[in-house]
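Data first, discussion second: the structure below is written as structure tokens.
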There are 2 protein chains.
Amino acid sequence: MFIIFDYMEPVTLKNIASELGISVTTASKALKNYPDVSPKTRKAVVDLAKKLNYTPNSFAVNLRTKESKIIGLIIPEIVHHFFSSVINAIIKKAEKKGYLVITLQSNESDKLEEKQIDLLLDKRVDGILMSLSNNRKDLSPLKKIIESETPLVLFDKISKVINCSKVIIDDRKAAYSATKHLINSGCKNIAHFRGPLNPQNSIDRFLGYKKAIEDYKLTFDKSLIYTCEKVTYKEGYNFAKQLHLSNKKVDAIFAITDLVAIGAITYFNEANIKIPEQISIIGFSNWFMASVISPSLSTVDQPGNEMGKTALKLLLKEIKATKKGKKIEYKTIVLPTDVICRNSTKK
Amino acid sequence: MFIIFDYMEPVTLKNIASELGISVTTASKALKNYPDVSPKTRKAVVDLAKKLNYTPNSFAVNLRTKESKIIGLIIPEIVHHFFSSVINAIIKKAEKKGYLVITLQSNESDKLEEKQIDLLLDKRVDGILMSLSNNRKDLSPLKKIIESETPLVLFDKISKVINCSKVIIDDRKAAYSATKHLINSGCKNIAHFRGPLNPQNSIDRFLGYKKAIEDYKLTFDKSLIYTCEKVTYKEGYNFAKQLHLSNKKVDAIFAITDLVAIGAITYFNEANIKIPEQISIIGFSNWFMASVISPSLSTVDQPGNEMGKTALKLLLKEIKATKKGKKIEYKTIVLPTDVICRNSTKK
DNA sequence: CTGAAAGCGCTTACAG
DNA sequence: CTGAAAGCGCTTACAG
């Protein structure tokens, strides 16, 4: 045969068909294992396809099947151990299931988050996974996703009023356990470095803290609540300093996040305040660093991997159901957390 | 008018055209600002498109234009501060330029890496950005990318023999500076916790270390070289212990990575060895944690953000050139690094 | 200024 | 078992 393919042009079904003197239809069916193709023809097609390194043009496949085989993921920040491990789990599992993942980072900006939702919808991703930015108040962008019939699963930072599947931890309970751990170890005046006022997350952790204080007959003292706007290391450091210089009687801190807790630890180390003898500190997330800082940080383990996996599993199920035109029933899955005792709290 | 669109069906150009009684061609041109459309028609189309929330079907656009507007990114590990910040920069900048990013993680497995290359090529991404896994020896998968005419830019962990653009730091020089910093502060017996034997990165850092030792007339001692297979915290910890128990005369360590350095710091802290008085430690990367650990870790700043931005910039340029059928000239960009002096080394 | 037509590369219902 | 035809939803060269 003297048919030569320009090696730059990708091989198409048409090439294969004409090379073999058969129709595009048959070539397509042969490669897709349709039963109504003779073994001989099938073999010829498969062999030639392999020889020419044929791969179906995904643009054409997408257009025909109306599926992108892409999942969109929007998170507030990648450079954050918890989210890194969530992404990780999602990407890995998606790949196994034949999906690729487009990741976008809202940077805690609700405007950007909205644009990113539009980008993903325009791209016609098969489903969207989101952890909301702290400032999200207007929920219409989320409703837009749902109206577009694109399956949506929220995880970690969710909105209770949006009607979709969710994967979360019980922040209130987890914060309760963390505070209880401090109380059980003998602490009586426990400060809380909380997160911003809006996100459900930080509200729940605050409420869990408060509940524990009250249940165990300690006095809730509003002046021991410090509100981190950005939830940074720096804020942890500064509030620790502020607390110290205020001369308030405090023997423990429950911080919204390990990062904030580590900021506090750094300050107290510098100020020569002994942890946990003079002040106990417990964080939240079980970031890798928590085990490495000195003293090592007691914290609440937040299962990032598990959360990513679970969220993706739910999403894929909904994608499948949607494709079949089935009604989706939304689930909210609550993953368990553990308090991890290290050296920043007393035994 | 009584034409009603099923609200579930996405709006197409055809819908708009028939609603307005014009052709699809004209509707398309109107939205794409072709000059040969009357202002009146244009306005009608644009208004209706807006009213109906029309967005072009990207599958169709992709198929027509043969562009996916997606960039593929393969890195060894996401949960790693340096790569997180690279991803970050890439995603942000890509978004601004109208591209979305599919991220894949090779997990240091060359087999997986190959599969992922195929996935991205099958997806017909417009370009690929890669940082190679440590085990990459067979370069044919990379050549496959190049043969497919998909622009490829390697960053950080590259292969010198592959003919494509690259963004790197001068690892040898950076390691030289780090070692020199130890020497200048009075250290004479400097151990090196190096990376695996294969990756160029770890070879170069080793060579930079060795060069500095020799230039400054210290004796290079092979027994002071410890090779991390996985470049983990644990290895840093264990080698520090091994080194300590060996009773070798050593007053400094240059570690391939902050993570390894922090492992070492943790061991020495536990063993009550004073840093930097008894042993100085310098790391590599300037991971966030380096500034927070105690003592804070001197290190080499590796500009992740800059690297991500630069790599993407090069890639987009090549994508544009390829589209125009222009010849690409490959560049290798070397980004500057700095030694950051903190408290784990003497002044 | 407008539109008919071709075509991107597939998939699949249908006819034979 | 095979293939002609329609169609997914766009874009664009071309004719008028």
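Residue numbering restarts at 1 for every chain, and letters A, B, ... go by the order of the sequence lines.
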Checklist entry - Hey, does A:T12 reach any base, or is it just sugar-phosphate, or nothing, if we go heavy atoms under 4.0 Å? => result sugar-phosphate

Next on the checklist: Whether B:K32 contacts D:dT12 is assessed here as follows: a side-chain N or O lying under 4.0 Å from the phosphate OP1 or OP2. Is that the case?
Outcome noted: yes

Item to check | Residues A:K144 and A:D118 bridged, charged N to O under 4.0 Å | outcome: yes

Checklist outcome for this item: Of D:dC10, D:dG3, C:dT11, the nucleotide closest to the side chain of A:L13 is C:dT11

Next on the checklist: Rounded to whole Å, please give me the gap between CG in B:N57 and P in D:dC8.
Outcome noted: 11 Å

Item to check | Short side-chain donor-acceptor distance under 3.5 Å, B:S28 and B:T25 | outcome: no

Checklist entry - Which value, rounded to the nearest 0.5 Å, describes the distance between A:N15 atom CG and A:T12 atom OG1? => result 3.5 Å

Checklist entry - From C:dT11, C:dC1, C:dA6, pick the nucleotide closest to the side chain of B:R64? => result C:dA6

Item to check | Donor-acceptor pair present, B:T25 side chain and D:dT12 base, under 3.5 Å | outcome: yes

Checklist entry - Using a cut-off of 4.0 Å on non-hydrogen atoms, how would the nucleic acid contact of B:T41 be classed: base, sugar-phosphate, or nothing? => result sugar-phosphate

Checklist entry - Is B:Y54 near enough to D:dC10 that one of its side-chain N or O atoms lies under 4.0 angstrom from OP1 or OP2? => result yes

Checklist entry - How close or far is atom C1' of C:dC1 from atom CG of B:L20, stated in whole angstroms? => result 16 Å

Item to check | A:S38, nearest nucleotide to its side chain (from D:dC1, C:dG9, D:dA4) | outcome: D:dC1

Next on the checklist: Could you tell me how far apart B:K40 (NZ) and C:dT2 (C1') are, to the nearest whole angstrom?
Outcome noted: 13 Å

Item to check | Sugar-phosphate, base or nothing in reach of A:D36, heavy atoms under 4.0 Å | outcome: base

Checklist outcome for this item: note: A:I22, atom CD1; D:dA4, atom P; distance rounded to Å ~ 11 Å

Checklist entry - How is A:F59 classified with respect to the nucleic acid when contacts are heavy atoms under 4.0 Å: base, sugar-phosphate, or nothing? => result nothing

Checklist outcome for this item: Between CD of B:E67 and P of D:dT11 the distance, given in whole Å, is 12 Å

Checklist entry - Nearest of C:dC10, D:dT2, D:dC10 to any side-chain atom of A:K29? => result D:dT2

Item to check | Matching residue for B:S133 among B:K111, B:E113, B:E108, B:E114 - test: side chain to side chain donor-acceptor pair (under 3.5 Å) | outcome: B:E113

Next on the checklist: Rounded to whole Å, please give me the gap between CG in B:L63 and P in D:dT12.
Outcome noted: 13 Å

Next on the checklist: If I take atom NZ in residue B:K14 and atom P in nucleotide D:dC10, what distance separates them, rounded to the nearest angstrom?
Outcome noted: 10 Å

Item to check | Phosphate OP1/OP2 of D:dC10 contacted by B:S28 side-chain N/O (<4.0 Å) | outcome: no

